[in-house]
There are 4 protein chains.
Amino acid sequence: MNNPESGNSNLKSMKALVFHGKGAPSLENRPIPAIVDGSDAIVRITTTTICGTDLHILKGDVPTVADGRILGHEGVGIVEEVGSSVSGFHKGDKVLIANITSCGRCHYCKKAMYSHCMLGGWLLGNKIDGTQAEFVRVPFADSGLHLLTPAMDEEAAVMLSCILPTGLECGALNGKVKPGDLVAIVGAGPVGLAALIAVQLYSPAEILMIDLDDYRLSIAHSFGATKFVNSSDGRASERVMELTHGAGVDVAIEAVGLPVTFDICQEIIAPGGRIANVGVHGRSVDLHIEKLWSSNITIATRLVDASTTAMLLKMVVAGRIDAKKLVSHRLKLTEILKAYEIFADAAKQRALKIVLRNACEIENSI
Amino acid sequence: MNNPESGNSNLKSMKALVFHGKGAPSLENRPIPAIVDGSDAIVRITTTTICGTDLHILKGDVPTVADGRILGHEGVGIVEEVGSSVSGFHKGDKVLIANITSCGRCHYCKKAMYSHCMLGGWLLGNKIDGTQAEFVRVPFADSGLHLLTPAMDEEAAVMLSCILPTGLECGALNGKVKPGDLVAIVGAGPVGLAALIAVQLYSPAEILMIDLDDYRLSIAHSFGATKFVNSSDGRASERVMELTHGAGVDVAIEAVGLPVTFDICQEIIAPGGRIANVGVHGRSVDLHIEKLWSSNITIATRLVDASTTAMLLKMVVAGRIDAKKLVSHRLKLTEILKAYEIFADAAKQRALKIVLRNACEIENSI
Amino acid sequence: MNNPESGNSNLKSMKALVFHGKGAPSLENRPIPAIVDGSDAIVRITTTTICGTDLHILKGDVPTVADGRILGHEGVGIVEEVGSSVSGFHKGDKVLIANITSCGRCHYCKKAMYSHCMLGGWLLGNKIDGTQAEFVRVPFADSGLHLLTPAMDEEAAVMLSCILPTGLECGALNGKVKPGDLVAIVGAGPVGLAALIAVQLYSPAEILMIDLDDYRLSIAHSFGATKFVNSSDGRASERVMELTHGAGVDVAIEAVGLPVTFDICQEIIAPGGRIANVGVHGRSVDLHIEKLWSSNITIATRLVDASTTAMLLKMVVAGRIDAKKLVSHRLKLTEILKAYEIFADAAKQRALKIVLRNACEIENSI
Amino acid sequence: MNNPESGNSNLKSMKALVFHGKGAPSLENRPIPAIVDGSDAIVRITTTTICGTDLHILKGDVPTVADGRILGHEGVGIVEEVGSSVSGFHKGDKVLIANITSCGRCHYCKKAMYSHCMLGGWLLGNKIDGTQAEFVRVPFADSGLHLLTPAMDEEAAVMLSCILPTGLECGALNGKVKPGDLVAIVGAGPVGLAALIAVQLYSPAEILMIDLDDYRLSIAHSFGATKFVNSSDGRASERVMELTHGAGVDVAIEAVGLPVTFDICQEIIAPGGRIANVGVHGRSVDLHIEKLWSSNITIATRLVDASTTAMLLKMVVAGRIDAKKLVSHRLKLTEILKAYEIFADAAKQRALKIVLRNACEIENSI
């Protein structure tokens, strides 16, 4: 095992991926963060990854991210130091970092809507420095960290920081998937595939995957989807209605974030069905309420709350979810600029999640 | 009491309100309906009323209604005859007629989604002849009728045929109203007021009513609303946000059916809130998913299922709901053309529900 | 394929398993049933099976079963004739018979509590003649039958008449099993194993099986259970608490019907947990409410409603549930007395479900 | 208004009601508590009250309460001092103290099961010193306190510390009361009456109150119950079945804590019904599962979590709940021994809740 003690004391600064407005980020030296509040922990990152939302940030779509911000809201690492009021974690603990920060006491936290926590929410890599660095400061550590055993697979664990809770909470739970359902997922990119893994916890009879890319559909097949529609001819809705003998689907999960994919969802939803929106949308969509007003349907949106992370961790530990299969590429943290390039061209590069390991960590673990 | 026996045998034909395409309906003589199927009942109508949806039909908005159709899907009456397989009702029973017909056995009925019953749904006054007549044939009578005591107030009962279940199911239930909630209802017409009565079953802390008309807002006040916004200046959303100190509302009920009123709902909904659509919409609306994708909100639509009629009847009988206060005008069935005129001009005429009593019935009951 | 036409016309009587009070039943010739009510169907049984409840009847535990009653409430067959008001089935249809009869219109049916239907409930093999015969009359056929494709495996299908809905409704649903849960099932007999199959639809992290018999525990292992306690030393509760590090279980399913097994459930249930009772109990149990009053637990009972049969059928057809693995023995209907002997000694005989096929059916199908 | 500053600095000790094992408590001088942990607040009590559970403690029924413990878990007061990590409250704030202490971060807190918080739960007046004193230390103040406006009625507020959340959470919520239900409450003592107030938030059609004492039944009448059974003749269950025409009740709330009252609940519960246990039980009860196994019923227990306190406060502030009507007697804190005598003889003394005001507070407020 590595020696976090010496590792830390030797370092005056750390490598970090820094946002500088719309366009390419840079890999820079930045000071190692310190405890600011008694509820903080400092975590040495051993594994991190890139989220689709990070690409949105680089496109300038997320105005809350300031110039100079260290990006990243996913990570696994080792606790380096804890604040005075942290009771559940200690130096040396291996931990999973949730993407959402929660005080645990405001009225949103009391209804498990941590994404809207009045003191937290989505802070990391957004309103405060994030995890695409060698160290990160995690506020409200007792809520935001999850203890891992030393033997826990880090690649599996880092899938629980954001992508699997997103697929589960925004997709499966918002879609109220239940045994016997016919579920369609529009978009077989990383988050659509995460939704595909998540919905299987609720035992749908059939899962219909819709995407432009046959390779991604083949991945969906290996992940458990049972029916497939390539939407590149613009006739996905027709095809779904044929496949369902005109009945439509019980649940439609939008995992892209475009008007055209939202439209597919409204066109294929059966009476009594649920549309769950996972995609991040940049503009409004045309809701066909003149047709849907009498269809007894529900449309649900959600920013992931990471309220299911502990449960997902139990399932991964019990061997019931193979989270690691979402990982397509593995690089060093120092190669993160290359990783961004690959991820920005994900369909062509056949990339799902790209795992980044801290280089010194890798050396230490040899 | 009247003598249904003689009443029926003397009549060869009956008065009925008949649709003849877009425009005014006519009051005509029509043959008294007979049993067609073993599950049918023939009911002599003693009280009926007009629904906002009937006005939509007259505007030509409901293509399923054919020329020559007798309108009306609300009614109270006396069972005149039952088919061979009807077990729960007998000649002479006083009954409430549900607006929705359900076979009780298809997969939609098995999930209480009667509005989409594969053999039923909204038939009366739409696909088969309705209740704005002296007699009506009710299919699947065991499901579609509710037994009333002879003493039951007919005006209260007829409010349970359509308007109160609509306010409850499409408004309160779809809005998942719960104790302590702040609920906004957009539109204080009859169905908005029905929603106002219904949401109070779930004990919101505050009910904010939004309408263009101060008289209707004053009615809402007398019905239990606690805050009021006159939306005629086009600034309703701003006013609601001020009244809620920027928090927005937990539940927004759309009870009009226009893009502008749907917009108010999306503008005032708090994170975690529910938009329940009650209005019948003629065109699509612009859904601001670029803002709502991260708000953890739900939008729910529904055609009333009349699945709550039996419960509402218990509440009216127990004196817990004063359904009768929705009645603003009382006329004879033979005056139904005049009733339609008043109802078409409801805001100005200060009309809520207009109750129509069968004339001979009135004489008989003297 | 067989020729039901000639089959029926040639037969004046049929073989049937008849109850004659406490003790052994007899295999007798009985008249073939005829349509009594318009909602009836006559079904020629091709496959049936024996339920644990049938053994209870033979012990004299079920006072509603009269002398002379044909037993059995599970079956697959071919529709021979339908009553005048049956709309969903026709002569020649291959069908699954639900154990519960439901009118679909009473207030219990309207809340999907078919087991308490005011005109139905558990009738077959209880209050009217049942399915352990060559023919059976099924009341309310539109509700009580499920259409099968000609190719449908009959052994898998007959597991959906009673045992799998029981395991699902009384076990998994009443236990509110959810992803990540730790579930204990007390009793690895047929119904406990059915519960084991059913709970997996809701993705528990671990399933702990408790039984006296190591063979049955080994079957549970092959069916997906992950932890095992042999309770023959009377220390099952201690063992469970050790295995759970003192935490207890989220869900405890009682699948035996004895005070001692109910006790295990109350001893191992964690705060916030749910006890689901599947077992048929002959006497009261001592509820330790002096300990449980503050534990935020729920105890739920249920007579199976067969409300999940259609869903289970979809899952079997989709290949998501392997219902057939519950079948341990296959005999001819004419060998049913021998089958009862085996089933009455199930643990020793290593019997789970014993499938009985109609002999002439077997010949015909050759 | 009073001057808390000077009040505190002048005091070296405070009056407190102290437990000394089974038997009468004593009113003693004790040191004023100080901040121990950064999450603590010190609250100067202005209003407190006595709970039925306090009587259980004095009978020696609650082994967790040590000799020397200051009793009381209900209170309203003024924040005197806060620990370093308290962010939501400041010196001088008027606050309501919840009976349950919650860290907000453990896995029980994350499912709102605060009563089983791994660092909290029921601490006040149990495992740490309580509120029947002039000052109290409240751990995890950000979770355990609720801000009141200076104008808030303290008698109404102190009913939200324990009794109303108990009636709501253990009674109404565990009973899943819904519109149209027939609810029976067994026991019209303070907590039964609190349940009576609480269930009305969910609009039952009828509320049937059962008690030995006609005066208490008359109070129940004034609080909104609609039917009444005096159980002193031991035939309460028969009477309820007569009143319900043999149907039984949808919800039975046990608000006493004795086998005989639990028995009434099991005897009167309708198929599909829910038994909610509110009473604190000292011994086991005989559960008639030989009858109930097939009744589709639920029995639920719960230690109050105070998870509804914020909602109840909104309802009291909005004027929707009249919490104050539970107060029957008003004394000074220095008269608490007399208050205990009255409360221990509550039925005869016609006592509901006895409010105790801090004497100096009373003087100051004159």
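Note that this is a predicted model, so its numbers are computed, not measured. In what follows, chains carry the letters A, B, and so on, assigned in the order in which the sequence lines appear, proteins first and then strands, with residues in each chain numbered from 1.
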Query raised in the report: When rounded to the nearest 0.5 angstrom, what distance separates CD1 in A:Ile289 from CG in B:Asp286?
Result: 12.0 Å
Requested in this report: Would you give the length of the straight line joining atom CD1 of B:Ile299 to atom CG of A:Leu287, rounded to the nearest 0.5 angstrom?
Outcome: 6.0 Å
[options]: which one forms the most heavy-atom pairs within less than 4.5 Å of chain A?
| options | answer |
| --- | --- |
| B:His288, B:Arg302, B:Lys111 | B:Arg302 |
| B:Lys291, B:Arg283, B:Arg274 | B:Arg283 |
| B:Val280, B:Leu303, B:Val304 | B:Leu303 |

Query - Contacting moiety of A:His116, where chain B heavy atoms sit under 4.5 Å - result: side chain
Query raised in the report: Checking A:Asn277 against chain B: side chain, backbone, both or neither under 4.5 Å from a heavy atom?
Result: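 Only the side chain of A:Asn277 comes within 4.5 Å of chain B.
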Query raised in the report: Between B:Asn296 and A:Asp305, do the side chains contain an N or O donor and an N or O acceptor separated by less than 3.5 Å?
Result: yes
Query - Winner by heavy-atom pair count (cut-off under 4.5 Å) against chain B, out of A:Ala300, A:Ser115, A:Pro271, A:Gly282 - result: A:Pro271
Report task. Can you establish whether the number of heavy atoms outside B:Lys176 located under 6.0 Å from its atom NZ is more than 12? Result ->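 Count not over threshold, so no.
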Query raised in the report: Taking A:Glu290 for the side chain and B:Ser284 for the main chain, is one N or O donor matched with an acceptor at less than 3.5 Å?
Result: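 It does hold such a pair.
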Query raised in the report: Sub-3.5 Å donor-acceptor pair from the side chain of A:Thr301 to the main-chain atoms of B:Leu292, do we have one?
Result: yes
